[in-house]
Q: 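Sharing a structure, written as structure tokens. Questions coming.
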Amino acid sequence: MDVQQMGKVAVLMGGRSAEREVSLMSGTGVLAALRSQGVDAHPFDPAERDLVELKREGFARCFITLHGRFGEDGTVQGALELLGIPYTGPGVMASAVAMDKLMTKRIWIAEGLPTPAWRHVHSAAETRAAFDALGTPMIVKPVREGSTIGLTKVLSADQCEAAYALAAQQDPMVMCEQFIAGDEVTCPVLGAGAQAQALPVIRIVAPGGNYDYEHKYFADDTQYLVPCGLPEGEEPTIQALVLKAFRSLDCRGWARADVMIDAQTRQPYLLEINTSPGMTSHSLVPMSARATGLSYEDLCLRVLASAALDNAMPTT
């Protein structure tokens, strides 16, 4: 891989979403890794600078480490398509759909892929009705947020009003989801189409089963098990399921899918897919890649090399 051919690279970080803090951590790590390999990489925060400056300053490609809305939802991807600057990760449509948990579920159901039962709710009263239908525990969360921001695990009906209010603070679209009790795992994917490859599955063991924002990014008491230690045959089954989920949304470049395995039936259920995965010291894609012998630096280079446009114009 000739890093000189990559040209001037912008690492997009920060942004305006609720995940800005994590994005800055991811971007700082990626920037240092690329520079250590000789890439002409520079930080670029779309919350502080106009994206038009990317073209004006001669950037040849972008490594997207933005998380959440205005970075992972197809908006930045669309702007880069207009500017003609290749970028990492899935394209406009795949990014927009994956950010919307309702649309993602509808596609997965249409494709015959397992995902927990859910309800789209518009009020505290509808949240209470969903609790009666889905049972306890129930998850209430914003449709278009990540990192468990605005999420509540509801154990009793009297928690529904507060849970709805918390989620609605982050997004007017709120969903309730059946809680699956069992093993929590995640599986990254690199590549595109038939060449896409599922990396090793990571099993997550958080204190009290509470894998929240603090335990994801800052605490050191969460266990990440690679090898995952699942019963024989389950890891390849999950990898195959995640690849189907990745391809069903027409993802490319990279992504990471979160899965719950029912403790009683051992049936895996797809929760969501992250199209701009974290790259912090606690992040899961680098952890999984390391298990295959791929270093953080080499992972960054591989992802950067996959930068592309949905609608690349033919050269004349």
Side-chain angles (χ1 to χ4, degrees), residues 18-19 67-69 72-73 96-187 203-204 206 208-213 215-216 238 241-242 244-246 248-249 255-275 284:
E19 298 180 73
H67 306 315
R69 281 179 283 183
E72 194 173 354
D73 60 357
V97 170
M99 191 67 198
D100 187 316
K101 298 178 184 67
L102 288 175
M103 291 305 298
T104 297
K105 279 178 170 288
R106 288 166 181 155
I107 290 174
W108 283 345
I109 289 295
E111 294 289 324
L113 303 179
T115 187
W118 79 96
R119 298 287 188 278
H120 181 197
V121 297
H122 305 83
S123 66
E126 289 186 8
T127 304
R128 171 64 185 267
F131 182 78
D132 293 338
L134 297 175
T136 182
M138 178 182 77
I139 300 298
V140 180
K141 57 188 176 183
V143 169
R144 296 166 296 190
E145 273 297 351
S147 294
T148 68
I149 292 171
L151 180 147
T152 303
K153 184 178 180 181
V154 173
L155 301 175
S156 60
D158 60 4
Q159 295 177 298
C160 288
E161 183 174 356
Y164 176 80
L166 179 65
Q169 285 176 5
Q170 301 296 329
D171 187 356
M173 294 181 65
V174 176
M175 66 182 290
C176 300
E177 185 176 60
Q178 173 194 17
F179 178 75
I180 305 296
D183 290 318
E184 183 171 2
V185 299
T186 194
C187 181
R203 183 158 58 96
I204 302 163
N210 185 28
Y211 191 47
D212 58 11
Y213 185 86
H215 285 106
K216 279 188 175 184
I238 291 168
L241 175 63
V242 166
K244 289 179 182 177
F246 181 88
S248 72
L249 302 185
R256 195 197 78 241
D258 298 330
V259 178
M260 289 298 299
I261 305 171
D262 188 290
Q264 300 299 318
T265 65
R266 304 309 297 174
Q267 167 70 50
Y269 290 90
L270 292 159
L271 296 183
E272 60 184 89
I273 192 162
N274 303 280
T275 56
L284 303 174

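Just so it is clear, the model here is predicted, and its values are computed rather than measured.
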Q: Within this structure, what is the CD1-SG distance for the pair Ile273 and Cys187, rounded to the nearest 0.5 Å?
A: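 Ile273 CD1 to Cys187 SG: 9.5 Å, rounded to 0.5 Å.
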
Q: Indicate yes or no for a side-chain donor-acceptor contact from Asn274 to the backbone of Arg256 under 3.5 Å, with no hydrogens or angles considered.
A: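 Present.
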
Q: Roughly how far apart are Met103 CE and Met173 CE, rounded to 0.5 Å?
A: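 Between atom CE of Met103 and atom CE of Met173 there are 9.0 Å.
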
Q: Check Cys160 against Val154 and note the closest heavy-atom contact, atom names and distance.
A: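 Shortest heavy-atom contact: SG-CG1, 4.1 Å.
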
Q: Excluding sequence neighbours, so at least two apart, what forms side chain to side chain contact (heavy atoms under 4.5 Å, CB included) with Met260?
A: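 Scan of Met260 (side chain to side chain contact (heavy atoms under 4.5 Å, CB included), adjacent residues dropped) gives Ile180, Glu184, Leu271.
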
Q: Minimum heavy-atom separation for Cys176 and Met138, please, with both atom names.
A: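 Looks like CB-SD, 3.7 Å.
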
Q: Is there a donor-acceptor pair under 3.5 Å between the side chain of Gln159 and the backbone N or O of Ser156?
A: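 Answer holds: yes.
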
Q: Would you say the side-chain atoms of Thr104 pair up with the backbone N or O of Val97, donor to acceptor, closer than 3.5 Å?
A: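 Yes, Thr104 side chain to Val97 backbone: donor-acceptor pair under 3.5 Å.
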
Q: I'd like to check the side chain to side chain contact (heavy atoms under 4.5 Å, CB included) partners of Ile109; sequence neighbours left out, ordered by chain and number.
A: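 Ile109: side chain to side chain contact (heavy atoms under 4.5 Å, CB included) contacts with Thr115, Trp118.
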
Q: Taking all heavy atoms of Ala257 and all of Thr186, pick out the closest pair and write down the distance.
A: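 Answer, listing the atom of Ala257 first, then Thr186: O-OG1, 3.0 Å.
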
Q: Within a strict 4.5 Å, meaning less than it, do heavy atoms of the Val121 and Val140 side chains meet?
A: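 No - every pair of side-chain heavy atoms lies 4.5 Å or more apart.
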
Q: More than 12 foreign heavy atoms under 6.0 Å from CD of Glu161: is that the case here?
A: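 Result for CD/Glu161: open.
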
Q: Please lay out, stage by stage, how Leu249 and Thr275 fare under the test side chain to side chain contact (heavy atoms under 4.5 Å, CB included).
A: CA-CA 10 Å; Leu249 302 185; Thr275 56; over 6 Å; no

Q: Identify all side-chain donor-acceptor contacts of residues 125-137 below 3.5 Å with residues at least two apart in sequence or on another chain.
A:
residue: Glu126; atom: OE1; partner: His122; partner atom: N; Å: 2.8
residue: Glu126; atom: OE1; partner: His122; partner atom: ND1; Å: 3.0
residue: Thr127; atom: OG1; partner: Ser123; partner atom: O; Å: 2.9
residue: Thr136; atom: OG1; partner: Leu155; partner atom: O; Å: 3.1

Q: Could you give the distance from CD1 (Ile149) to CZ (Arg144), rounded to the nearest 0.5 Å?
A: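 Going from the CD1 atom of Ile149 to the CZ atom of Arg144 covers 14.5 Å.
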
Q: Taking the basic N atoms (NZ, or NE/NH1/NH2) and the acidic carboxylate oxygens, is any pair closer than 4.0 Å for Arg266 and Asp183?
A: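 Salt bridge present between Arg266 and Asp183.
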
Q: Is any side-chain N of the basic residue among Lys105 and Glu177 closer than 4.0 Å to the acidic one's carboxylate O?
A: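 Glu177 and Lys105: salt-bridged.
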
Q: Residues two or more places apart in sequence or in another chain: which of them pass side chain to side chain contact (heavy atoms under 4.5 Å, CB included) with Glu111?
A: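 Only Ile107, Leu113, Ser248 meet the side chain to side chain contact (heavy atoms under 4.5 Å, CB included) criterion with Glu111.
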
Q: Which atom names give the shortest non-hydrogen contact between Pro268 and Pro114, and what distance separates them?
A: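 So the two residues come closest at O-CG, 3.3 Å.
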
Q: Apply salt bridge (charged side-chain N to carboxylate O under 4.0 Å, His left out) to Arg119 and list each qualifying residue two or more places apart in sequence or on a separate chain.
A: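 Checked Arg119 against salt bridge (charged side-chain N to carboxylate O under 4.0 Å, His left out); zero matches.
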
Q: Would Glu145 and Glu19 satisfy side chain to side chain contact (heavy atoms under 4.5 Å, CB included), going step by step from the backbone distance to the final call?
A: CA-CA 9 Å; Glu145 273 297 351; Glu19 298 180 73; 4.0 Å; yes

Q: In Å, rounded to the nearest 0.5 Å, how long is the span from CE of Met99 to NE2 of His67?
A: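 Going from the CE atom of Met99 to the NE2 atom of His67 covers 11.0 Å.
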
Q: Sequence neighbours excluded, which residues qualify as side chain to side chain contact (heavy atoms under 4.5 Å, CB included) partners of Leu166?
A: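 Here the qualifying residues are Thr152, Gln169.
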
